[in-house]
Structures are given as C-alpha cells and as structure tokens.
Amino acid sequence: MNNLMLTLLGAVYQFEREMLLERQREGIAKAKQAGKYKGKPNTIERESVWNLLDQGFSIRKVASELSISLVSGQKIKFERKNNKFI
C-alpha cells in the first residue's frame with residue numbers, strides 16, 4: 001500500500017512540475033515578445049579578446065591581460081570560431 005501511495009504522489013508531483021515549467025516557458029515567450037526579457041548584457045569587450053588572440057596571445061595571457069576568467073576567454077574564442085556572436 002505504501003508503495004502505491006508513493007508512486008501516486010510521484011506521478012502527481014511530476015505532472016505539477018511539468019505544468020509549472022510549461023507556464024514558465026509561456027511567460028518567458030510573452031516577455032520576449034514584449035521586449036522585456038533580453039538576458040544579461042555582455043560585460044566583456046569581445047573585440048579586445050579577438051584582437052589579442054589575433055596578435056598571438058594565448059587564452060591564458062588574454063584572460064590575465066583583460067582580467068577575465070579563462071573560461072570566458074575560451075567561450076569568446078569558441079563563439080568566434082563558430083560564428084556565434086552573442
């Protein structure tokens with residue numbers, strides 16, 4: 001009997017969670033249409049990163065020169081490589 005109750009509660013929880021996520025996606029879509037949901041603005045000058053990379057600097061050197069994280073430098077390099085300018 002306990003197993004059945006737990007299974008039933010799990011199913012109800014999963015259904016409610018899916019409904020919440022669906023409402024959230026709808027809200028985000030409406031906000032995007034209204035121009036209110038734009039995400040976090042870029043704070044790193046991508047051109048600066050690209051210029052240093054073009055000059056032959058390593059990603060580690062670029063990161064230390066511009067006081068950004070190594071991961072941020074790698075992401076910016078990857079974006080440029082794949083033409084995914086954000």
Side-chain angles (χ1 to χ4, degrees):
M1 186 70 171
N2 281 341
N3 225 3
L4 179 63
M5 284 294 280
L6 288 176
T7 302
L8 183 61
L9 286 174
V12 170
Y13 168 78
Q14 187 174 7
F15 175 74
E16 286 294 325
R17 179 75 179 147
E18 289 172 6
M19 295 298 293
L20 179 130
L21 292 174
E22 183 178 335
R23 287 191 303 269
Q24 181 183 25
R25 282 189 294 269
E26 289 172 0
I28 289 172
K30 284 181 184 179
K32 282 183 178 181
Q33 278 184 331
K36 296 180 181 178
Y37 190 91
K38 298 176 184 173
K40 181 183 173 206
N42 292 327
T43 57
I44 301 170
E45 290 292 326
R46 280 154 167 66
E47 290 294 327
S48 302
V49 174
W50 296 330
N51 288 337
L52 291 175
L53 287 172
D54 290 342
Q55 292 174 24
F57 283 79
S58 68
I59 295 212
R60 287 186 190 275
K61 187 67 176 169
V62 170
S64 67
E65 287 285 322
L66 299 176
S67 299
I68 62 174
S69 71
L70 182 62
V71 173
S72 294
Q74 290 171 330
K75 285 181 181 179
I76 293 170
K77 180 180 178 182
F78 181 79
E79 288 169 5
R80 184 182 190 193
K81 180 180 177 186
N82 294 311
N83 294 324
K84 293 183 181 177
F85 304 116
I86 295 176

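In this chain, residues are counted from 1 in sequence order. Note that these values count all heavy atoms, side chains included, but never hydrogens, waters or copies made by symmetry.
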Task: Interatomic distance, Leu52 atom CG to Ser58 atom OG [nearest 0.5 angstrom] - done: 10.0 Å
- [ ] Mark yes when over 12 heavy atoms from residues, nucleotides or ligands other than Gln55 sit less than 6.0 Å from its CD; otherwise mark no.
- [x] yes
Task: Interatomic spacing from CD1 in Ile44 to OG in Ser69 - rounded to 0.5 Å - done: 6.5 Å
- [ ] For Asn3, look at atom CG and say whether over 12 heavy atoms of other residues, nucleotides or ligands are found less than 6.0 Å away.
- [x] no
Task: 4.5 Å side-chain heavy-atom contact, Val71 and Gln74 - done: yes
Open item on the list: To the closest 0.5 Å, what do you measure between CZ (Phe57) and CG (Asn51)?
Closed with: 10.5 Å
Open item on the list: Contact between Val49 and Leu66 at the side-chain level, heavy atoms closer than 4.5 Å - yes or no?
Closed with: yes
Task: Glu16 side chain reached by Leu20 side chain, heavy atoms, under 4.5 Å - done: no
Task: Rounded distance (nearest 0.5 Å) linking atom CD of Glu45 with atom CD1 of Ile68 - done: 11.0 Å
Open item on the list: Rounded at 0.5 Å granularity, tell me how far CD in Glu26 sits from CD in Gln24.
Closed with: 11.0 Å
Open item on the list: Rounded at 0.5 Å granularity, tell me how far CG in Asn2 sits from CE in Met5.
Closed with: 8.0 Å
